[in-house]
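This report refers to the structure that appears directly beneath it.
Lettering follows sequence order; numbering is per chain, from 1. Every value quoted in this text rests on a predicted model; they were computed, and no experiment measured them.
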Amino acid sequence: MRDHSPPLCPEWESTSPGRSARYQALLESRRQLPVFPHRDVVIHTLRRHQVLVLVGETGSGKTTQVPQFLVEAGYRRVACTQPRRIAAVNVAKRVAEEMGVQLGAEVGYTIRFEDVSHPKRTRLKYVTDGMLLREAYGDPSLTRYDCILLDEAHERTLNTDVLMGLLKSVLPRRPELRLVVMSATLESGKFTDYFDRAPLVNVSGRMYPVRIEYMPQPVRDYLLAAEEAVMRIHRDEPPGDILLFLTGAEEIDSVCDRLRWRVRTERDSRSAAALAPLLALPLYSALPPPKQQLVFEPPPPDGTRKVIVATNVAETSITIDGIVYVVDPGFVKSKIFNPRSRVESLLVSAISKASAQQRAGRAGRTRPGTCYRLYTEASFQQELAEATHPEILRSNLATVVLTLKKLQVQDLVHFDFMDPPPPETFMRALEMLYYLHALDDDGNLTQLGSRMADLPLDPPLSKMLLESDRFRCSDEATKLAAMLSTQIVFVRPRNKQAEADAAKLRLMSEAGGSGAGDHALLVQVFEAYLRHGQSTRWCYEHFLNDRALRHAVHIQQQLARTLHRLQVPLISPGVRAPDRWLRLRQCVLHGYFMQVAFWRRGKSYTIVRDEQTVFLHPSTVVQHRPAWVVFHEFVLTTRNYIRIVSEVRPEWLLQLAPHYFDEREYADGASRQALQRLGRYRASK
DNA sequence: TAGGGTTTT
């Protein structure tokens with residue numbers, strides 16, 4: 001067949017001197033990718049259609065090649081979104097190399113905290129979906145781009161879904177704009193239908209075959225079944241590493257311990273002397289990077305087999321080569337949002353077929369493999385959902401609503417989401433933004449709301465921060481907001497729990513005792529980390545997550561810059577001021593008055609807004625059982641917990657949020673009675 | 001009495 005396609009890189013062919021051997025070798029391997037023969041179809045289809053849906057499995061080369069095709073076809077400003085930072089960076093590096101250009105010039109990337117692109121020269125930019133959404137704030141029609149690719153659309157992240165809806169509304173306004181939606185195999189029809197029967201290009205993947213084995217009977221205890229499966233593979237199957245998916249760090253650590261113990265015991269007994277050593281390695285995002293790194297290192301050359309016991313990080317974010325066996329119990333811990341109780345929580349639930357397929361695929365990256373599903377084929381066929389429930393249906397929409405308002409979307413009810421969230425969820429989001437004074441009575445964005453959208457924070461945190469200068473503690477508030485925006489910084493290893501708790505109490509006493517509260521402790525930890533020169537060793541000694549703290553420092557710097565731009569002065573009452581934490585607690589309440597609970601006789605607290613009974617999370621440093629507390633989040637695990645808690649004085653409630661604590665707004669019940677007592681108390685003073 | 005994974009000019 002004759003090649004009618006345009007020449008590769010028409011302009012650079014003559015101008016770039018560096019058509020090195022390396023470039024030629026890369027070009028040759030590019031030509032071998034399954035997506036390469038589809039180059040002309042992609043280019044020609046986009047001449048006649050505004051939108052193209054491209055479906056390609058792992059190994060098709062779609063992420064690196066399709067954006068290059070478009071640049072070669074003459075598009076001058078191409079953006080390709082990725083759900084994860086790490087992917088945006090790595091793919092941009094690879095593509096710059098393939099094109100024989102300098103990273104940050106013709107090809108670049110933009111992620112939070114890092115912009116390696118040139119405003120004029122960059123023709124192809126990889127960008128996180130959240131970042132592109134932010135760019136749209138100042139340019140709602142995304143006029144900076146003539147072609148946008150949404151990659152990994154099947155993951156249906158919150159930001160991808162919002163971008164898809166936004167782009168769908170932009171397309172009619174910008175007939176010259178081109179959009180390519182790239183996705184894994186499942187649900188391609190949903191994407192083509194959503195974009196008014198957009199043309200579809202199907203690209204095969206390149207993977208080794210993976211044999212799937214099911215259980216003949218449902219298992220009673222998936223942890224035990226997982227352990228047995230790993231042991232059986234290790235005893236009976238040829239060499240090759242194992243990947244086991246579990247739901248959380250605690251499960252993972254305990255299963256790793258049990259596997260180590262079982263292999264050791266079997267090897268010590270005479271009957272199983274032939275059993276090879278087994279190296280059990282945990283993998284989850286909160287794990288310190290050196291420990292994460294271990295999963296990539298080859299095992300000792302004495303026949304040791306690796307088993308990596310991982311959360312969902314290993315499903316998409318982290319790719320480990322050399323896996324031959326996957327053990328999939330079929331569960332994941334995922335976020336759910338209950339609009340009735342207004343609570344987001346984590347719950348263990350069954351995975352989807354798409355997720356099961358993705359997990360199985362992890363066994364076939366370097367050679368043919370096997371996936372052991374710890375459920376029956378009937379439950380796979382009949383009980384698992386086709387695809388994972390989109391994140392937008394499982395989230396609190398306050399941030400989404402604020403973003404859309406900022407993007408000048410007037411009519412949220414008719415905004416075309418691929419999967420519209422239930423109206424009740426929208427009502428809850430509107431209600432929250434209204435109470436925060438981000439929206440006015442007509443649902444329009446207020447000046448405060450517009451400023452809140454500028455901050456990369458949850459709305460209550462934005463509100464807290466933007467008005468923190470009123471409490472003369474904006475310096476403390478930026479530190480707190482940064483600490484609340486990163487992972488939990490306290491590390492509590494299973495075998496050193498008492499030591500870890502003692503280290504935390506020492507940090508607390510430096511802050512002036514437990515009465516200061518959990519919020520104050522976070523600020524204290526942040527400041528101590530800076531005082532100790534952001535030392536990794538200091539973190540280790542004090543049972544703190546070094547990476548999370550480093551992240552918090554980045555966020556704090558960005559918040560301080562944004563506050564400066566928004567003309568909020570950065571002030572502090574001073575580290576020795578006796579009212580320092582008191583001011584901070586008032587400031588927190590200013591943003592989080594919707595998350596207040598009061599002590600009720602017995603042993604529990606009651607949340608004001610819905611009279612839910614809750615307990616202080618065991619991680620709290622608050623020991624003096626205050627009558628009223630503000631909390632950062634509600635966690636549903638073995639009990640209803642409130643986590644990150646500080647005492648508030650009851651009179652603050654009426655001072656700071658009289659519109660929310662008006663007793664007449666509450667039905668007769670415990671909350672109303674508590675507020676009535678508060679009113680009488682106030683009147684008597 | 002204990003924390004899935006992403007991400008934000």
(request) Using the test salt bridge (Lys or Arg N to Asp or Glu O under 4.0 Å), find all partners of R258(A) that sit at least two apart in sequence or belong to another chain. (result) E227(A)
(request) May I ask you to list the residues of residues 485-497 of chain A, by number, that have any heavy atom positioned under 4.0 Å from an atom of DNA chain B? (result) I488(A), F490(A), R492(A)
(message) Taking salt bridge (Lys or Arg N to Asp or Glu O under 4.0 Å) as the definition, give me every residue that meets it alongside D151(A), ordered by chain and number, with sequence neighbours left out.
(response) none
(request) Write out all pairs satisfying salt bridge (Lys or Arg N to Asp or Glu O under 4.0 Å) with one or both partners inside residues 635-647 of chain A, taking only residues at least two apart or from two chains. (result) E633(A)-R643(A)
(message) Please determine whether a side-chain nitrogen of the Lys or Arg among D454(A) and K406(A) lies less than 4.0 Å from a carboxylate oxygen of the Asp or Glu.
(response) yes
(message) With heavy atoms of chain A within less than 4.0 Å as the criterion, where does contact along DNA chain B begin and end?
(response) dT1(B) to dT9(B)
(request) Name all residues meeting the side-chain hydrogen bond (donor to acceptor under 3.5 Å, both in side chains) criterion together with Q292(A); count only those two or more places apart in sequence or in a different chain, and write none if there are none. (result) none
(request) Return the residues of residues 392-409 of chain A meeting this criterion: a heavy atom under 4.0 Å from some atom of DNA chain B. Order them by number, or give none. (result) none
(message) Below 4.0 angstrom, which residues in residues 612-619 of chain A have at least one non-hydrogen atom near DNA chain B?
(response) H617(A), P618(A), S619(A)
(message) List the residues meeting salt bridge (Lys or Arg N to Asp or Glu O under 4.0 Å) with E391(A), not counting sequence neighbours, and say none if there are none.
(response) K335(A)
(request) For E114(A), enumerate each residue passing the side-chain hydrogen bond (donor to acceptor under 3.5 Å, both in side chains) test, keeping only those at least two apart in sequence or located in another chain. (result) Y109(A)
(message) Once salt bridge (Lys or Arg N to Asp or Glu O under 4.0 Å) is applied, do any residues pair with E152(A), and if so which ones, sequence neighbours excluded?
(response) none
(message) Going by the rule side chain to side chain contact (heavy atoms under 4.5 Å, CB included), which residues pair with A481(A) if we only count those two or more places apart in sequence or in a different chain?
(response) L457(A), L461(A), M464(A), L465(A), L559(A)
